[in-house]
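As structure tokens, the structure follows; a few thoughts come after it.
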Number of protein chains: 2
Amino acid sequence: MSRPARVSPDRILAAAALEFAGRGFAGARVDRIARRARVNKAMLYYHFKSKDRLYRTLLRRMFTLAAERMQTIGAAGASPAEKIDRVIAGMAAFIDEHAFFPKIVLREVADGGAHLDRETLAALAAVPRSVGAIVQQGVTSGDFGPVHPLFAYFSMLAPVMFFLAGSPIWKELAPLVTEASTPPTADFVVHQQHGMRRFLSFAPDSPARPTT
Amino acid sequence: MSRPARVSPDRILAAAALEFAGRGFAGARVDRIARRARVNKAMLYYHFKSKDRLYRTLLRRMFTLAAERMQTIGAAGASPAEKIDRVIAGMAAFIDEHAFFPKIVLREVADGGAHLDRETLAALAAVPRSVGAIVQQGVTSGDFGPVHPLFAYFSMLAPVMFFLAGSPIWKELAPLVTEASTPPTADFVVHQQHGMRRFLSFAPDSPARPTT
DNA sequence: GTCTATACTTCGATAGAC
DNA sequence: GTCTATCGAAGTATAGAC
């Protein structure tokens with residue numbers, strides 16, 4: 001079989017990922033994407049119809065990949081607590097492979113999902129749905145205390161997104177924040193894993209009234 | 001005393017907050033800021049020298065305000081656990097008063113702090129430093145288990161930022177994620193408070209080896 | 001301090017040959 | 001599928017009168 005040799009679209013998507021992550025949708029320049037993909041602008045507009053469609057195509061692909069990884073973790077045989085460990089480590093690994101991912105997510109959250117059509121929104125929803133299902137299993141089995149699955153998703157992964165998206169800043173910020181030794185980036189995953197085990201654990205104590 | 005009547009700079013900063021939060025630094029348009037502030041462009045460039053300096057002025061102001069609030073909480077007389085409750089509720093209240101704040105933070109994290117000079121970075125650092133000091137007190141007193149203050153800061157407040165910055169999206173997303181009732185936005189703060197109490201609590205159990 | 005008018009640049013997108 | 005050349009719109013910033 002002759003390969004279709006459709007290497008351009010993939011190269012364009014890879015270049016777009018870097019550009020959109022680094023500058024945001026509004027700040028992204030189509031010229032830069034084309035140049036980085038070693039393709040001229042007309043070629044880019046031939047494959048993708050517009051800047052918007054290029055962006056949405058990229059996001060759908062990334063959300064789908066991330067959701068698949070979370071789904072795989074949920075389908076495996078393991079205790080709920082161990083699955084939570086794997087969700088956190090799995091997302092960190094995914095970000096390690098696709099460094100642009102958390103930046104784009106943060107920007108899209110700030111944009112209020114302005115560039116997401118229904119299809120892309122559905123692809124995004126698959127990520128918290130997969131993770132939420134794992135949490136729900138733990139609640140039902142009694143391993144976890146009662147908690148809203150979507151809330152747990154945010155408590156679990158927002159710090160990972162936040163921390164790994166801005167690691168260069170934190171390295172610059174750390175000396176201004178604490179006199180303790182600079183934080184080893186990789187240890188944050190372990191920190192979050194240990195903490196979330198307790199966060200989600202059933203706690204018979206603590207009346208824990210809300211405080212203003 | 002005659003009032004200086006310097007109402008323009010404040011109106012410009014207020015308009016800039018909305019514009020920068022809604023579109024990001026690159027997407028923000030100076031014309032829109034000027035129009036929203038009911039001031040012409042030349043006036044804007046008269047008070048602030050450039051788009052960059054306007055942005056940094058805004059950020060310094062917001063970071064300083066947020067840090068002051070955290071510092072007040074830390075200085076009050078209360079148990080470490082209760083202070084954590086107040087930090088979470090206090091940040092949520094601050095965001096409620098300045099809805100643009102978490103959006104700008106998320107964007108700046110994604111930008112890798114590209115627009116932050118040394119002075120603005122120092123203002124930003126005061127926020128995690130204040131919160132980190134509270135955490136450190138709890139660790140020292142034995143109320144909390146051993147934890148890096150900066151890590152705890154992220155685990156505590158990143159979900160709050162993330163959730164409150166994107167509340168319109170989550171409302172649209174929730175039905176696609178869970179068949180359970182839609183999550184009441186205000187309850188997230190209580191969820192995070194209760195969870196973080198356990199997250200930070202001293203846990204003699206759990207060998208908790210890292211999982212890949 | 002405040003305005004109008006505009007210089008200069010860069011953007012997203014397309015035309016049309018090959 | 002791929003290219004060069006370019007259009008019209010929109011951007012940041014400034015000049016200069018008041």
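Reminder, nothing fancy here: chain letters follow the sequence lines and each chain counts from 1. These values consider heavy atoms only, across backbone and side chains, with no hydrogens, waters or symmetry-generated copies.
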| Residues forming a side chain to side chain donor-acceptor pair (under 3.5 Å) with A/His148, sequence neighbours excluded | none

| side chain to side chain donor-acceptor pair (under 3.5 Å) with A/Asp31: which residues, sequence neighbours excluded? | A/Lys41

| said: Please give me every residue in residues 30-40 of chain B whose heavy atoms get under 4.0 Å of an atom in DNA chain C, ordered by residue number. | reply: B/Asn40

| So does B/Tyr45 get a side-chain nitrogen or oxygen closer than 4.0 Å to the phosphate oxygens (OP1/OP2) of D/dT14? | no

| message | Measure NZ/B/Lys49 against C1'/D/dT12 and give the value in whole Å, please. | response | 14 Å

| The side chain of A/Lys51 lies closest to which of these nucleotides: D/dG1, D/dT12, C/dA13? | C/dA13

| message | Under the criterion side chain to side chain contact (heavy atoms under 4.5 Å, CB included), I'd like the reasoning laid out for B/Arg118 against B/Leu121: C-alpha separation, chi angles, the key distance, then a yes or no. | response | CA-CA 5 Å; B/Arg118 208 169 44 79; B/Leu121 201 69; 5.6 Å; no

| query | With A/Glu179, which residues qualify under salt bridge (charged side-chain N to carboxylate O under 4.0 Å, His left out), at least two apart? | reply | none

| request: Would you please name every residue forming a side chain to side chain donor-acceptor pair (under 3.5 Å) with A/Thr120, sequence neighbours left out? | output: A/Arg60, A/Asp117

| field | Length of the line joining A/Leu44:CG and C/dC11:P, which is rounded to integer Å | value | 14 Å

| task | Ignoring the backbone of B/His47, work out which of D/dT2, C/dG1, D/dT12 is nearest its side chain. | result | C/dG1

| Can you check the B/Tyr55 OH to D/dA13 P distance for me, whole Å? | 15 Å

| Under the side chain to side chain donor-acceptor pair (under 3.5 Å) test, residues paired with B/Gln137 that sit two or more places apart | B/Lys83

| Residue B/Ala42, side-chain atoms from C-beta onward, closest of D/dC3, C/dT4, C/dG1 | C/dT4

I'd like a table of donor-acceptor pairs (distance under 3.5 Å, sequence neighbours excluded) in which one partner is a side-chain atom from residues 123-132 of chain A, with atom names and distances.
from	atom 1	to	atom 2	distance (Å)
A/Arg129	NH1	B/Leu176	O	2.8
A/Ser130	OG	A/Ala126	O	2.7

| task | Output the residues of residues 15-26 of chain A in contact with DNA chain C, where contact means a heavy atom of the residue under 4.0 Å from an atom of the strand; sort by number or write none. | result | none

| Taking the side chain of A/Lys41 as heavy atoms from C-beta outward, which of D/dT2, D/dT6, C/dT6 is closest to it? | D/dT6

Show which side-chain atoms of residues 16-27 of chain A pair as donor or acceptor with protein atoms under 3.5 Å away, not counting sequence neighbours.
from	atom 1	to	atom 2	distance (Å)
A/Glu19	OE1	A/Arg32	NE	3.3
A/Glu19	OE1	A/Arg36	NH2	2.9
A/Glu19	OE2	A/Arg29	N	2.9
A/Glu19	OE2	A/Arg32	NE	2.8
A/Glu19	OE2	A/Arg32	NH2	3.2

| field | Value in whole Å for how far the C1' atom of D/dT12 lies from CG of B/Leu54 | value | 13 Å

| task | Round to the nearest Å and state the distance from B/Asp10 atom CG to C/dG1 atom C1'. | result | 15 Å

| task | Check the distance between C/dG12's C1' and A/Tyr46's OH and give it to me in whole angstrom. | result | 20 Å

| said: Just N and O in the side chain of B/Arg29: are any of them under 4.0 Å from OP1 or OP2 of D/dA10? | reply: no

| remark: Atom CE of A/Met43 and atom C1' of C/dG12 are separated, to the nearest Å, by 17 Å

| Between A/Asp111 and B/Lys103, does at least one N-O distance fall below 4.0 Å, as a salt bridge requires? | no

